[in-house]
Amino acid sequence: MEQRRFPGNSHWYHETQTSLPAQRSALVPEAADITDRFLLGLTQQAEGELKTIVQRAQPLHLASRDLYQLLFPSQLSTSLTHTLTLYDRISTALTVAQVTGIQRLCNHYAARLNPLPGPDSSRESNRRLTQITEYARQLAGQPTLIDSAALQRLDEVGLTAPDIITFSQIIGFVSYQARVVAGIHALMALPVRWMPGVSVPPDAASLSSGAWQPALTPLEPRYAAADQLEALTFCLPLIKPESFVWLLAQDGDVLNGWGHLLSALEKQHASDDAALAAAVTARINGSSICFAHYPAGELRDALWENVDQALSIATERQKAIILLAAQLTRVPERFSAAHLQPLREAGLSTAEIFDVILSVAAASWSNRLMQSLGTVSVENH
């Protein structure tokens with residue numbers, strides 16, 4: 001989608017932003033230069049117990065910042081196999097930020113996009129950017145819309161397999177970043193800003209059980225470069241299925257960074273509460289492979305059907321977790337301190353609530369990778 005400048009001012013807007021002129025906000029240039037490009041200044045605002053909790057999650061924070069730098073460097077060279085420009089990457093990030101509705105992210109990515117040279121005005125370039133933007137919007141907003149035809153359209157506009165892997169990681173990363181930022185906003189009791197009248201995407205109608213199959217050709221071992229082999233060595237014991245890891249190895253550096261992030265997350269929130277939150281997110285997004293990690297039992301069977309079914313048999317603590325996970329998964333821009341109160345009443349500490357938020361955010365990323373880059377054979381549950 002083409003970036004547009006309106007006469008008479010210096011405000012820049014992405015094509016996916018559809019607010020009326022009277023509702024538009026000015027570009028915030030300083031948002032591009034913030035030191036912490038993951039939490040975007042929230043760590044400086046945290047106080048008391050929350051500041052201690054966020055500091056305790058420093059390994060996770062550092063891994064996230066490293067991934068940001070890999071995905072959105074200051075300068076980037078393209079090649080025949082890696083054709084995504086820096087404009088493509090940050091334009092995609094802005095699209096995802098706008099879908100999630102998190103203003104802090106929109107300000108940051110819009111400010112970074114502003115000075116970048118866009119694509120030429122040819123029909124081919126316009127079609128390519130249009131397809132990239134539409135795909136990013138769909139995967140960020142409703143992962144079940146992505147199918148083999150959507151991937152084929154990316155191929156038709158010239159994205160290579162490594163491009164599609166990196167592109168998917170960008171969408172997943174910003175989806176994760178948005179929910180971490182929204183969660184910390186809520187923990188700090190900051191006011192939320194969201195556009196009225198925006199419909200909530202429906203949950204996935206159902207889940208399918210079966211084996212996951214990659215929709216693209218995984219990396220062949222004989223062609224693996226040093227960085228890819230390093231990533232595979234670290235990630236194969238950590239991430240399943242194996243074919244998924246070999247597929248993500250098309251971008252070895254980002255796979256390695258994501259593996260270290262997952263390792264830090266596992267140490268941060270290995271709890272039943274976090275596992276339930278991740279399962280709720282997977283159910284809403286329709287990711288049966290991610291959902292399969294949740295232990296068997298009556299609650300799992302009910303959640304397999306739908307979220308409401310799970311709520312009908314859950315304990316008060318489980319209900320609070322399910323409701324929080326559902327809200328943060330579906331509409332992060334509306335997530336506020338009010339959504340945390342039921343968890344506090346159910347006995348969860350601030351640290352435990354933070355772990356649940358991180359679990360939802362991480363699952364939001366994993367779900368989108370699994371949904372967009374592969375298919376599941378359909379079997380009866």
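Atom set for the values below is all heavy atoms of this structure, side chains included, hydrogens, waters and symmetry mates excluded.
- Cluster annotation: Ile132 is not connected to Val99 through the hydrophobic network of ILVMFWY side chains, with a link wherever side-chain heavy atoms come within less than 4.5 Å.
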From CA spacing to verdict: side-chain contact (heavy atoms from CB on, under 4.5 Å), Leu76, Thr85: CA-CA 7 Å; Leu76 181 69; Thr85 65; 5.7 Å; no
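- At a threshold of 4.5 Å between non-hydrogen side-chain atoms, the residues Tyr176 and Trp258 do not count as touching.
- Taking CG of Leu70 as the start and CD of Gln169 as the end, the distance is 10.5 Å to the nearest 0.5 Å.
- For the pair Leu42/Leu190, a side-chain contact is recorded, criterion being any heavy-atom separation below 4.5 Å from C-beta on.
- Arg137 and Glu134 are joined by a salt bridge, as a carboxylate oxygen and a charged side-chain nitrogen come within less than 4.0 angstrom of each other.
- Within the 4.5 Å cutoff, the side chain of Lys51 has no heavy atoms near those of the Val54 side chain.
- Residue Thr83 forms a side chain to side chain donor-acceptor pair (under 3.5 Å) with just one option from Thr78, Thr166, Thr160, Asp163, and that option is Asp163.
- Hydrophobic cluster membership differs between Val376 and Leu145, with clusters built from Ile, Leu, Val, Met, Phe, Trp and Tyr side chains linked at under 4.5 angstrom.
- Using a 4.5 Å heavy-atom cutoff, the side chains of Met370 and Pro241 are in contact.
- Pairing each heavy atom of Arg179 with each of Leu328, the nearest pair is NE-O, 3.1 Å.
- At a threshold of 4.5 Å between side-chain heavy atoms, the hydrophobic network of Ile, Leu, Val, Met, Phe, Trp and Tyr places Phe234 and Leu62 in two separate groups.
- Looking only at distances, no side-chain donor or acceptor of Gln309 sits under 3.5 Å from a matching main-chain atom of Asn306.
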side-chain contact (heavy atoms from CB on, under 4.5 Å) between Tyr109 and Val96, intermediate numbers included: CA-CA 10 Å; Tyr109 288 115; Val96 178; over 6 Å; no
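- In this structure, Gln213 contributes its side chain and Ser243 its backbone to no donor-acceptor pair below 3.5 Å.
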Candidate pair Arg65 and Leu39, rule side-chain contact (heavy atoms from CB on, under 4.5 Å), full reasoning: CA-CA 9 Å; Arg65 284 199 297 186; Leu39 293 181; over 6 Å; no
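- The nearest pair of heavy atoms linking Ala326 to Val280 is N-CG1, 3.9 Å.
- The aromatic rings of His61 and Phe38 sit tilted, their planes meeting at an angle between 30° and 60°.
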Derivation and outcome, side-chain contact (heavy atoms from CB on, under 4.5 Å), residues Arg128 and Glu124: CA-CA 6 Å; Arg128 182 178 186 272; Glu124 292 76 13; over 6 Å; no
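- Using a 4.5 Å cut-off on side-chain heavy atoms (C-beta onward), Ile146 and Gln138 make contact.
- Of the charged side-chain nitrogens involved, at least one lies within less than 4.0 Å of a carboxylate oxygen, so that Glu316 and Lys319 count as a salt-bridged pair.
- Annotation: side chain of Asp355 is not in contact with side chain of Asp273 (no heavy-atom distance under 4.5 Å).
- Taking hydrophobic clusters as Ile, Leu, Val, Met, Phe, Trp and Tyr residues chained together by side-chain heavy-atom distances below 4.5 Å, Ile322 shares a cluster with Ile313.
- Atom CD of Glu47 has 12 or fewer neighbouring heavy atoms from other residues, nucleotides or ligands inside a 6.0 Å radius.
- Glu220 CD: more than 12 foreign heavy atoms inside a 6.0 Å radius.
- Aromatic ring orientation, Tyr135 versus Phe167: tilted (interplanar angle from 30° to 60°).
- A ring-centre distance under 6.0 Å is not found for His185 and Phe335.
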Test ring pair (Phe, Tyr, Trp, His ring centres under 6.0 Å) applied to Tyr68 and His108, step by step: CA-CA 12 Å; Tyr68 176 100; His108 173 71; 5.7 Å; yes
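- Ser336 has its side chain within reach of His339: a pair of non-hydrogen atoms, C-beta onward, lies under 4.5 Å apart.
- Between Leu303 and Gln318 the shortest side-chain heavy-atom distance does not fall below 4.5 Å.
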